[in-house]
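Presented below is the structure to which this report refers.
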Amino acid sequence: MIMFSIMESSPSSDRVIQSVRRAFDLLECIAAQPGGARLSELADGLGLNRSTAHNLLASLEELGYIAQEKKGAAYRLTGKLSRLVRPDAEAEHALRARIRPVLQAMSAASGESAFLGLVSGAEYLCVDAVQSEQPLHLAVRPGERKPLIADALGHTLLAANAELARTVRAGDPLSWDRHAEEIAEAQRKGFALDLDSQRAGISCVAIAVTPGAAIAIAGPTSRLPKARLISIAEQMREELDKVRPAGQDWL
C-alpha cells in the first residue's frame, strides 16, 4: 500500500475548507506517482473513506484536472493545471526573439503566415506570428489557443514530447485514437501536415523547435499542395539551424 504524508495543520487551518484540502491532497498524491494512482491507493494512503475519495476524484475528473484511460485504471494529472501557472516570461521572451527572424524569413519565402506556438496544458498558445501579405491569407493572432490534438502544430509537439503525449492521451483517449496515425507520422518524419482536414481550404506544416515549442506555416490549400508543404518543412529546418544556439539548449 502506498502511504502519503500529510502536512500538519497550520494555525490558519480553521479557515481551510476540508473538501478543498482533500482535493488538493489528492492532486499532490497523484502528481507524486509517475504512473498515476488508483482510488484504493489514494483513499488508503490519505486515510479517506473510499466513497469520499471517489466523489472528490470524480469532481476533479469532470473539471478536467485528472483522467483515467479506462474505468478502474490509475488516475493521472492532465495538462490543465499547467495553464494556471504563468510561464517563465524571460525564457519565453528569449525564445521568441531567437525565432522571430525564422518566422519572418519563412513568411517571406512561402508567402504565407508563420507562427510560433507554446504548449499550454492540452492546448498550444500562439505567442508570435508574422502575417502573410497576400490578400487572401490565414490570419493568426498571438493569444489564440488551440487543442494539441487535431492540429498540425499540436501533432508535432505531441510527437516531440513523450510525456506530454501520455498526458494528453490519458485526458482524451477518443480524440487521440482518431489522430494517432497522424501523430505517429509526425514522429517518423519530423514534421506534421494538415492537408485541408481541420479547416476547409486551409493547409499547414509544422515542426517542433523544442519539446514545448513549434513553428508552423499555414495558408490556402490552393497555394499549399502536399509537395510544397514538405519543401517548406525542409526550409524551416534550415532556417532554424541558422539561429540554433551552439552547444546549448534553446531556452
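- Within the 3.5 Å criterion, the main-chain N or O of V243 finds a donor-acceptor partner in the side chain of R98.
- Residue P173 comes nearest to A170 through the heavy atom pair CD-O, 3.7 Å, listed as atom of the first residue, atom of the second, then distance.
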Check against side chain to side chain donor-acceptor pair (under 3.5 Å), H137 and Q134: CA-CA 6 Å; H137 68 272; Q134 299 272 11; over 6 Å; no
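- When side chains are defined from C-beta on, I149 counts as touching L158, because their heavy atoms get closer than 4.5 Å.
- For R244 and D241, the salt-bridge test passes: some basic side-chain N is under 4.0 Å from an acidic carboxylate O.
- Classification of the F115-Y124 ring pair by plane angle, with boundaries at 30° and 60°, yields parallel.
- Side-chain atoms of S231 do not come within 3.5 Å of backbone N or O of A227 as any donor-acceptor pair.
- Counting all heavy atoms, side chain and backbone alike, A214 lies closest to A208 at CB-CA, 3.8 Å.
- Remark: R188 engages E181 in a salt bridge, criterion side-chain N to carboxylate O under 4.0 Å.
- In this model, no donor atom of one side chain and acceptor atom of the other lie less than 3.5 Å apart for N55 and T52.
- With a 4.5 Å cut-off on side-chain heavy atoms, I217 and S110 count as touching.
- Of all the heavy atoms in A206 and T156, the pair that sits closest is O-OG1, 3.7 Å.
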Would you sort out whether L48 and R22 count as a side-chain contact (heavy atoms from CB on, under 4.5 Å), showing the intermediate values? CA-CA 9 Å; L48 295 176; R22 287 173 171 174; 3.4 Å; yes
Evaluate the criterion side-chain contact (heavy atoms from CB on, under 4.5 Å) for residue pair D194 and V205; output intermediate values, then yes/no. CA-CA 6 Å; D194 176 359; V205 58; over 6 Å; no
Going through the distances and angles, do R96 and L116 end up as a side-chain contact (heavy atoms from CB on, under 4.5 Å)? CA-CA 8 Å; R96 287 174 58 189; L116 168 66; 3.9 Å; yes
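- In summary, the side chains of S120 and R145 do present a donor paired with an acceptor at a separation below 3.5 Å, with no hydrogens or angles considered.
- A salt bridge links E239 to K242: at least one charged side-chain nitrogen sits closer than 4.0 Å to a carboxylate oxygen.
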For side-chain contact (heavy atoms from CB on, under 4.5 Å), just list the numbers for L118 and L95, CA-CA rounded to whole Å, side-chain angles, deciding distance to a tenth of an Å, and then say yes or no. CA-CA 10 Å; L118 303 183; L95 179 64; 3.9 Å; yes
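- Residues R100 and D128 are in side-chain contact: their nearest non-hydrogen atoms beyond the backbone lie under 4.5 Å apart.
- Contact between A192 and A186 at its shortest, heavy atoms only, is CB-CB, 3.8 Å.
- The existence of a salt bridge linking E112 and R223 is confirmed by a sub-4.0 Å separation between a basic side-chain nitrogen and an acidic carboxylate oxygen.
- The local environment of CD in E234 is crowded, with over 12 non-hydrogen atoms from other residues, nucleotides or ligands closer than 6.0 Å.
- For R178, there are no salt bridge (Lys or Arg N to Asp or Glu O under 4.0 Å) partners, not counting sequence neighbours.
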